[in-house]
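Have a look at the structure below, then the notes.
All residue numbers in this chain count up from 1 along the given sequence. All of these numbers come straight from a predicted model, not from anything done at the bench.
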Amino acid sequence: MKKIQKLLISLLALMLFNFANALEIVDVKSDYWASQEIVNAIQNGYIYVIDGNKFKPEQTITRSEFVTALLKVIRRQNDPITQTSTFKDISSATPNKQSVVLSEQIRMAFGYPDNTFKPELAINHNETMSMIANITKGDYIASDITSFNDYQKIPIWARRAYIKNVANGLYVNHPNVKTFNPTRELTRAEAAVIFNKIASNIDKIKDNYRDLYNNLADDAPKKSIFIAENNLNTVPFALSTKVDIYDNKKVVENGNIVIGVVLSEVDARKDLVGQEYVFTTPEDVYTAQGTFLLPKGTEFYARVEKIGYSAWRSKAERSNVVFHKYSLPTGETYDMAGVPFTKDDKIIYVNSIKKPKQIKKLSEYKTSRKEYLIECAHQMSPLLDFNAKNGKKLYILLTGDMVLPQNEEYLNIRTKKSILEEQI
């Protein structure tokens, strides 16, 4: 019996020895700044060694390699592909083609204004931060990055992504912890660190981007089943009208516009940072196809992020606000991300939806719809006029996907008026 035990111990020791050797990376020493994250990334299959047992930590990672690994981190790499790519530089010979197409399908990654993806181009810090911010929960305005030495070098289109990711702790800045190096290309070591941080904070990923069901018990709800695509035609100039209907949720895509009515007078002369204004839906909201979305009385909460001052009087005149949550009449509260839809520092209020003020159309921009949306969110200051009266209507631009419940209990909170209209 003792001989058998010794033999088993010897075999176990041999297995552990071989396992350790298999993970030995000849060009990453134990004192390397990202050594543990690199080992973790390899063990989890996010990213692999190359040229034998080399990792090449200082080598850059391409855009297609990055999305391939990120899909694995959020456990979406096995999703069925139901569409073809719209990028003109993606073909059957493209490296990691399936991952690129899938990332486009689930709207995780986006291309360039010339309708290319550039799969073999090294991804830089700006693109990395933008992609991470796109799939994470929360507001775009959530923290302060002015303490970083080179924050002013971040392009306008990527600045809110940095702010959001710093708030979530999903960024990498080595060797100087106070420097972003926004235009620098991402290294494989930095990518490994990012992937580990996302995996450790998977709860910060939006529900529609991560697989919630891999870690659930057998008796837990199964994966969402896609039912249909609807459209929310609130206004003719919305950046998106898409609403995806699943068996257990409804996802209103970012770029859609919802209408809120202010419940109290907005007076920026008396505002304080952190103060909240509440807007409400004046009517039940349905898609063009008749799917119920939001009940009358749903409240949208706008938080004052900063105060806008007059350039010549040094007096508070406007409040910079961000919508961060919505509450149903039954009391349930959910996350959302949105900004007042404005142009030239003036809020767009309407007394009649039939005559909205127009913005520059997407067709006039040489860019993708997604990049156009982000650009608009930055160019248009989300400022509320101090004299906004109770009852004024406001366009709310969704800067993140809005996830709504889809169950019988939720359907029952429709108003009697809308239920009667459905029955006619």
Side-chain angles (χ1 to χ4, degrees), residues 11-78 87 89-103 108-109 116-132 135 165 169-177 179-202 205 214:
L11 288 172
L12 179 60
L14 181 61
M15 289 172 63
L16 291 174
F17 176 79
N18 288 335
F19 182 67
N21 281 345
L23 288 177
E24 183 181 1
I25 308 167
V26 297
D27 60 345
V28 178
K29 304 302 180 184
S30 59
D31 59 350
Y32 185 72
W33 72 275
S35 59
Q36 188 57 57
E37 288 85 354
I38 290 172
V39 171
N40 291 342
I42 294 172
Q43 287 177 331
N44 287 295
Y46 303 148
I47 191 169
Y48 302 110
V49 293
I50 51 181
D51 294 342
N53 278 12
K54 293 182 180 179
F55 185 79
K56 296 189 177 181
E58 301 303 318
Q59 181 174 302
T60 58
I61 183 170
T62 68
R63 286 169 54 81
S64 67
E65 289 171 341
F66 186 86
V67 297
T68 298
L70 186 54
L71 285 169
K72 294 176 181 177
V73 176
I74 63 176
R75 301 180 181 181
R76 296 294 297 274
Q77 74 274 20
N78 295 321
F87 299 125
D89 60 345
I90 301 300
S91 67
S92 58
T94 300
N96 304 302
K97 175 196 172 185
Q98 297 294 93
S99 297
V100 174
V101 176
L102 181 55
S103 67
M108 183 185 80
T116 61
F117 186 80
K118 300 180 182 178
E120 298 187 76
L121 183 70
I123 192 169
N124 63 35
H125 285 204
N126 288 328
E127 294 170 333
T128 301
M129 297 293 272
S130 179
M131 197 179 303
I132 294 171
I135 65 173
N165 294 337
L170 302 178
Y171 68 103
V172 59
N173 50 349
H174 178 84
N176 187 341
V177 296
T179 303
F180 284 125
N181 295 307
T183 59
R184 194 178 72 188
E185 295 172 341
L186 191 74
T187 66
R188 286 167 56 85
E190 290 174 324
V193 172
I194 286 291
F195 297 146
N196 276 271
K197 287 187 175 184
I198 294 174
S200 299
N201 294 275
I202 200 68
I205 302 298
N214 282 349

For a 4.5 angstrom cut-off between non-hydrogen side-chain atoms, does [X] reach [Y]?
X	Y	result
N124	T183	no
M108	I74	yes
Y46	I198	no
D27	P57	yes
V193	W33	yes
P119	N96	no
I135	L70	yes
I38	Y32	yes

For [X] and [Y], work out which heavy atoms get closest and say how close.
X	Y	answer
L71	S103	CD1-N, 4.4 Å
E190	E185	OE1-O, 3.9 Å
H125	F180	ND1-O, 3.0 Å
L102	R76	CD2-O, 3.1 Å
E58	T187	O-CG2, 3.8 Å
S35	S30	OG-O, 3.1 Å

Any chance you could measure [X], atom [atom1], to [Y], atom [atom2], to the nearest 0.5 Å?
X	Y	atom1	atom2	value
N165	M129	CG	CE	4.0 Å
I194	L170	CD1	CG	7.0 Å
T60	E65	OG1	CD	8.0 Å
L186	I123	CG	CD1	6.5 Å
I61	K56	CD1	NZ	14.0 Å

Donor-acceptor pair, T94 side chain versus K97 backbone, under 3.5 Å?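 No, because the side chain of T94 does not come within donor-acceptor range (under 3.5 Å) of the backbone of K97.
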
So, the side chain of K197 versus the backbone of Y171: is there a donor-acceptor pair under 3.5 Å, distance only? yes

Test side-chain contact (heavy atoms from CB on, under 4.5 Å) applied to I202 and R75, step by step: CA-CA 10 Å; I202 200 68; R75 301 180 181 181; over 6 Å; no

Around atom CD of Q59, are there more than 12 heavy atoms of other residues, nucleotides or ligands at under 6.0 Å? yes

side-chain contact (heavy atoms from CB on, under 4.5 Å) assessment of I47 paired with F55: CA-CA 9 Å; I47 191 169; F55 185 79; 3.9 Å; yes

If you measure from the Lys or Arg side-chain nitrogens to the Asp or Glu carboxylate oxygens, is any gap between E127 and K118 under 4.0 Å? no

Apply side-chain contact (heavy atoms from CB on, under 4.5 Å) to residues R63 and F117 and explain how you reach the verdict. CA-CA 8 Å; R63 286 169 54 81; F117 186 80; 3.5 Å; yes

